[in-house]
*Asks:* 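Structure provided below as structure tokens; questions to follow.
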Amino acid sequence: MKIKGMPCIYYYVMPESNIDTSQVQGNASPEVKSALLNYLVQPRHVSRSTGKPFRGFKAEFVSRLQLSEASVLSKAEEPGKLEGRTVLEAIVDEDMFNEVGTMHGGCLAMIIDICSPMPIYVLRASKGVYSAFGVQQSLNVVFHSPAVPGDKLRIVCTTLTLGSRARSGRCEVWNVTRSRLVASAVYTNMVPSELSKL
């Protein structure tokens, strides 16, 4: 659902009942899991010039992500506080490569950008607040090791802080095939004020 008065890129994600959530682990409700799965399969872009939906390159990569966990957990470092956690998986394919045949850093950053708002949504939804995913205000990625064709990646994202407009979190991309860390990131996510001037 489009947020009233906001540009086309901002959407609320509401649960849908026709999506199978049985393969998604974690203690998040079936409605929350369904909303996340819906986000991964539904095109979310509308052309500003024609008003019609289109896929674009982001949707091509989103369609390859598999949600495997959505949870709300106790924070080990802050007793009494909760954190959202999501885990997604993807297989590295040839169209994700750079010129030397490994996964392109820009592609990896985009996948982190796509996955990182999800634990924020999970945590807020656990409190009955279904809100916009928001946009990244900052994304700091550190690349640790390359990923090559056929490698299975595990993208683990958790919340750090959750304010009324600004939220932050971390994300780690693990190479399951080779048992090593590919990239880590911290980010700040915001819900823009109505009709922000971009």
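Residue indices begin at 1 and follow the sequence shown.
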*Asks:* Under a single-linkage definition using a 4.5 Å side-chain heavy-atom cutoff for Ile, Leu, Val, Met, Phe, Trp and Tyr, are Y187 and V87 assigned to the same hydrophobic cluster?
*Replies:* no
*Asks:* Could I get the full list of side-chain hydrogen bond (donor to acceptor under 3.5 Å, both in side chains) partners for S126, not counting sequence neighbours?
*Replies:* none
*Asks:* L73 and L82: side chain to side chain contact (heavy atoms under 4.5 Å, CB included), yes or no, with the steps?
*Replies:* CA-CA 5 Å; L73 306 168; L82 300 173; over 6 Å; no
*Asks:* Kindly write out the residues that satisfy side-chain hydrogen bond (donor to acceptor under 3.5 Å, both in side chains) with S116, not counting sequence neighbours, or none if the list is empty.
*Replies:* Q136
*Asks:* Are L139 and Y121 co-members of a hydrophobic cluster defined by side-chain heavy atoms under 4.5 Å apart?
*Replies:* yes
*Asks:* What distance do L123 atom CG and R167 atom CZ have between them, rounded to the nearest 0.5 Å?
*Replies:* 10.0 Å
*Asks:* Can you name the residues that form a side-chain contact (heavy atoms from CB on, under 4.5 Å) with S145, not counting sequence neighbours?
*Replies:* R180, V182
*Asks:* Where do K127 and V72 land on the side chain to side chain contact (heavy atoms under 4.5 Å, CB included) test, with the steps shown first?
*Replies:* CA-CA 10 Å; K127 300 175 182 183; V72 176; over 6 Å; no
*Asks:* Which atom names give the shortest non-hydrogen contact between T86 and P119, and what distance separates them?
*Replies:* OG1-CD, 3.4 Å
*Asks:* Using the test salt bridge (Lys or Arg N to Asp or Glu O under 4.0 Å), find all partners of D113 that sit at least two apart in sequence or belong to another chain.
*Replies:* none
*Asks:* Using side chain to side chain contact (heavy atoms under 4.5 Å, CB included) as the criterion, point out the one residue from C107, C171, C157 that pairs with I112.
*Replies:* C171
*Asks:* What do the steps show when you test H144 against V142 for side chain to side chain contact (heavy atoms under 4.5 Å, CB included), and what is the final call?
*Replies:* CA-CA 6 Å; H144 301 280; V142 176; 3.6 Å; yes
*Asks:* Distance check, rounded to the nearest 0.5 Å: L88 atom CG versus L67 atom CG?
*Replies:* 5.0 Å
*Asks:* Any donor and acceptor pair, going by atom type alone, linking the side chain of K33 with main-chain N or O of V24 inside 3.5 Å?
*Replies:* yes
*Asks:* Give the table of side-chain donor-acceptor pairs shorter than 3.5 Å for residues 92-101, with sequence neighbours excluded, one pair per line with atom names and distance.
*Replies:*
unit_1 : atom_1 : unit_2 : atom_2 : d
D95    : OD1    : R64    : NH1    : 2.8
D95    : OD2    : R64    : NH1    : 3.4
D95    : OD2    : R64    : NH2    : 2.6
N98    : OD1    : V100   : N      : 3.0
N98    : OD1    : G101   : N      : 3.2
N98    : OD1    : T102   : N      : 3.2
N98    : OD1    : T102   : OG1    : 3.3
N98    : ND2    : T102   : OG1    : 3.1

*Asks:* Only one of T161, N189, L160 passes side chain to side chain contact (heavy atoms under 4.5 Å, CB included) with I120; say which it is.
*Replies:* N189
*Asks:* Determine the minimum heavy-atom distance between A125 and V32, stating which atoms define it.
*Replies:* CB-CG2, 3.5 Å
*Asks:* S74: what forms a side-chain hydrogen bond (donor to acceptor under 3.5 Å, both in side chains) with it, not counting sequence neighbours?
*Replies:* none
*Asks:* Who passes side-chain contact (heavy atoms from CB on, under 4.5 Å) against E172, sequence neighbours left out?
*Replies:* W174, L181, S184
*Asks:* May I ask you to check whether T21 and S34 show a side-chain donor-acceptor distance below 3.5 Å?
*Replies:* no
*Asks:* Quick one: list whatever passes salt bridge (Lys or Arg N to Asp or Glu O under 4.0 Å) with R154, sequence neighbours left out.
*Replies:* E89
*Asks:* Once side-chain hydrogen bond (donor to acceptor under 3.5 Å, both in side chains) is applied, do any residues pair with T177, and if so which ones, sequence neighbours excluded?
*Replies:* none
*Asks:* Starting from the C-alpha separation in whole Å, work towards a yes-or-no answer on side-chain hydrogen bond (donor to acceptor under 3.5 Å, both in side chains) for T188 and S168.
*Replies:* CA-CA 4 Å; T188 305; S168 64; 5.7 Å; no
*Asks:* Please list, chain by chain and in numerical order, all residues satisfying salt bridge (Lys or Arg N to Asp or Glu O under 4.0 Å) with E77, sequence neighbours excluded.
*Replies:* none
*Asks:* Can you give me the closest heavy-atom contact between L153 and A147, atom names plus distance?
*Replies:* CD2-CB, 4.1 Å
*Asks:* So how far is it from L108 CG to F143 CZ, rounded to the nearest 0.5 Å?
*Replies:* 5.5 Å
*Asks:* Taking only residues two or more places apart in sequence or in another chain, which ones pass side-chain contact (heavy atoms from CB on, under 4.5 Å) with Q66?
*Replies:* none
*Asks:* T158 pairs by side-chain hydrogen bond (donor to acceptor under 3.5 Å, both in side chains) with which of E83, R85, R170?
*Replies:* R170
*Asks:* Kindly write out the residues that satisfy side-chain contact (heavy atoms from CB on, under 4.5 Å) with I114, not counting sequence neighbours, or none if the list is empty.
*Replies:* Y39, K58, V62, L65, M110
*Asks:* Look at atom NZ of K75 and say whether more than 12 heavy atoms of other residues, nucleotides or ligands are closer to it than 6.0 Å.
*Replies:* yes
*Asks:* Which distance, rounded to the nearest 0.5 Å, do you find between the CG of N175 and the CG of D151?
*Replies:* 4.0 Å
*Asks:* With the 4.5 Å side-chain cut-off for hydrophobic clustering, are L162 and V186 part of the same group?
*Replies:* no
